[in-house]
Amino acid sequence: MPPTEHRPSGTPQSQAVDSPRVTVIGGGLAGSEAAWQLATRGVSVELIEMRPEVMGPAHHTTNLAELVCSNSFKSEDPTTAAGLLKRELDSLGSMVLAAAHATRVPAGAALAVDREGFSALISGVIANHPLIRVVHREQTTLPDGLTICATGPLTSQHFEGVLTDLAGPERLAFFDAAAPIVAAESIDESVVFAASRYGKGEGADYLNAPMDRTQYECFAAALVEARRVTAKDFERRELFAACQPAEEIARTGPDALRFGPLKPVGLTDPRTGQRPWAVVQLRPENRAKTAYNLVGFQTNLAFGEQERVFRLIPGLERAEFLRYGVMHRNTYVDAPHVLDRTLAVRSVPRVRMAGQVTGTEGYLEAAATGLLAAVNVFAEIAGAEPFVLPETSALGSLVAYATNPETERYQPMHVNFGLLPPLAQRIRGKRARYEAYAQRASDDLELYLDTRPDLGLEQTRQAAAALMEAHHA
Ligand SMILES: Cc1cc2nc3c(=O)[nH]c(=O)nc-3n(C[C@H](O)[C@H](O)[C@H](O)COP(=O)(O)OP(=O)(O)OC[C@H]3O[C@@H](n4cnc5c(N)ncnc54)[C@H](O)[C@@H]3O)c2cc1C
């Protein structure tokens with residue numbers, strides 16, 4: 001089918017539009033933000049979106065920036081990671097955030113939007129921008145020139161080959177089977193013990209939660225009975241081939257977990273001098289050891305059930321969950337080995353990636369990486385220094401984590417305080433600690449942005465504010 005070009009009537013036929021300088025593939029949250037960021041800085045863009053010619057399994061409309069599931073962008077409280085990200089996106093002049101504010105619906109402390117109104121607003125803003133040309137076709141090859149790939153977690157099959165070529169063999173995942181992550185400070189250190197199996201590895205790499213027989217049986221029973229998320233058809237196809245969820249292992253027999261992810265061999269509890277009946281291992285997520293994942297606990301349990309059941313694990317009774325386990329189809333690259341801090345593909349730096357294909361997760365994280373990729377493309381065109389945010393900011397810490405070659409077993413990640421470098425001083429009390437993180441993030445980001453008057457940030461801030469004002473209900 002021939003591609004459909006969308007150019008609103010009355011749009012000036014600028015030379016720039018006729019020879020786009022940057023191609024953005026995918027008109028989701030990341031691609032729409034990226035296209036607008038570039039165009040607002042005077043760079044012409046061709047935005048290629050396959051819908052409605054080719055519809056993906058989760059999208060239902062022809063709108064750009066369609067929300068495939070919830071209509072919530074989570075909390076606005078800046079002492080939460082999601083709220084802090086919003087504050088940062090505000091100071092970076094995010095169009096997606098401005099559109100969310102303009103179409104918000106009452107939702108307590110959360111920023112929720114009128115689903116249709118939000119995507120329709122963004123579609124209109126993009127379509128009416130004189131420097132953006134929207135083309136509706138499925139992209140199946142890598143375009144020439146500066147390019148941003150933002151084809152999302154459900155990238156079309158024909159484009160997966162392009163991503164595989166870009167990322168390199170074994171560096172493209174098609175499935176997200178992530179275990180939950182808990183905050184280190186919420187783990188009861190009087191219960192868990194630090195040790196590596198058979199004493200191997202560098203020092204005591206893991207924390208180990210020991211279980212006696214009764215605790216194990218009680219936990220295994222709760223796991224089997226817990227409520228699961230119903231997989232959509234497109235997920236069910238691949239679910240069990242990719243990786244077994246812990247609850248499925250538990251279902252195969254009473255000892256299955258003890259001979260699987262909970263095996264106690266090679267571990268001695270220093271308090272009893274004995275090998276426990278079963279052990280849940282917790283592996284550090286980062287060098288600062290501020291967050292730990294539950295090894296082998298890919299799970300399809302509903303989020304509330306994960307809290308209830310995994311808090312039965314000794315030492316995790318008060319665990320704070322930084323990320324829940326998920327299992328669903330998700331196309332993403334092994335960013336720590338594929339992308340640099342500007343989201344450029346290390347082997348083909350004229351190409352950047354943005355959104356969920358980078359392995360970052362969440363609506364606003366997608367918009368945020370679209371923004372970062374675009375500002376870095378602009379910096380490249382302008383001959384300016386790369387745009388790299390401080391690691392103490394919510395967005396900076398996410399990108400630092402995602403693109404650090406030392407990040408092992410990369411799994412999709414959303415912003416969370418566990419990614420931030422520890423504070424200089426230990427602060428007791430979660431609320432006070434999070435306030436300190438938020439304050440440090442804002443201070444450092446402001447200082448950094450003050451050093452970058454060359455990147456047109458004031459321009460996008462004003463354009464985003466104008467958009468919000470013009471469309472506020
Ligand atoms: C089923 C599902 C539910 C989710 N629910 C939530 C949620 O509730 N909250 C949350 O915060 N996050 C959620 N996410 C995660 C994530 O935030 C969203 O997927 C988000 O939309 C990602 O933004 P994106 O721009 O990377 O991708 P998308 O928004 O998916 O945009 C990618 C775009 O690229 C287009 N495209 C794909 N291939 C091609 C091609 N070859 N040529 C041209 N165009 C192409 C697609 O049609 C799509 O419009 C969910 C993910 C999935 C898969």
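Every heavy atom of this structure was used, including side-chain atoms; hydrogens, water molecules and symmetry mates were not. This one's a predicted model, so the numbers in the text were calculated from it and none came from an experiment. Sequence positions, counted from 1, serve as the residue numbers for this chain. For ligands, and for the atoms within them, numbers begin at 1 and follow the listed sequence.
- Taking distance alone, with nitrogen or oxygen atoms compared against 3.5 Å, Val68 stays at or beyond that limit from ligand 1.
- Taking only nitrogen or oxygen atoms, main chain and side chain alike, Gln139 reaches within less than 3.5 Å of ligand 1.
- Few gaps surround CD on Glu458; more than 12 heavy atoms of other groups in view lie less than 6.0 Å from it.
- Assignment of His328 to the shell around ligand 1 is not supported, since no heavy atom sits closer than 4.0 Å.
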Legend entry - Chi angles and distances behind the side-chain contact (heavy atoms from CB on, under 4.5 Å) call for Lys74, Tyr363: CA-CA 10 Å; Lys74 301 185 186 158; Tyr363 292 155; over 6 Å; no
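- Distances from ligand 1 to the non-hydrogen atoms of Glu365 include no value under 4.0 Å.
- Atom CZ of Arg452 has more than 12 heavy atoms from other residues, nucleotides or ligands within 6.0 Å.
- Proximity to Arg137 (heavy-atom distance under 4.0 Å) selects the following atoms of ligand 1: 42 (N), 43 (C).
- A salt bridge is absent between Glu285 and Arg323: the closest approach of a Lys/Arg side-chain nitrogen to an acidic carboxylate oxygen does not fall below 4.0 angstrom.
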Inset, instruction - Give the C-alpha distance, both sets of side-chain angles, the deciding distance and a yes or no for side-chain contact (heavy atoms from CB on, under 4.5 Å) between Val45 and His129. - result: CA-CA 10 Å; Val45 176; His129 201 296; over 6 Å; no
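- Heavy-atom contacts of Glu138 reach the following atoms of ligand 1: 41 (N), 42 (N) (cutoff under 4.0 Å).
- Taking any N or O of Pro153, backbone or side chain, none lies under 3.5 Å from an N or O belonging to ligand 1.
- Among the atoms of Gln356, some N or O lies under 3.5 angstrom from an N or O of ligand 1.
- Taking the six-membered ring for Trp and the full ring otherwise, the centers of Phe118 and Phe73 sit less than 6.0 Å from each other.
- On a distance-only criterion, Ser72 and ligand 1 share no N/O pair closer than 3.5 Å.
- Residue-ligand proximity, Ile48 to ligand 1, at heavy-atom distances under 4.0 Å covers atoms 43 (C), 44 (N).
- Note: no N/O pair closer than 3.5 Å links Glu361 and ligand 1 by distance alone.
- Counting the atoms of ligand 1 from 1 in the order shown, those under 4.0 Å from a heavy atom of Arg51 are 47 (O), 49 (O).
- One finds a salt bridge joining Glu248 and Arg228 here, because a Lys/Arg side-chain nitrogen approaches an Asp/Glu carboxylate oxygen to under 4.0 Å.
- Classification of Arg431 and Glu435 as a salt-bridged pair holds, one side-chain N sitting under 4.0 Å from a carboxylate O.
- In Arg227, the CZ atom is not crowded: 12 or fewer heavy atoms of neighbouring residues, nucleotides or ligands sit closer than 6.0 Å.
- Against a heavy-atom cut-off of under 4.0 Å, Phe159 is close to the following atoms of ligand 1: 41 (N).
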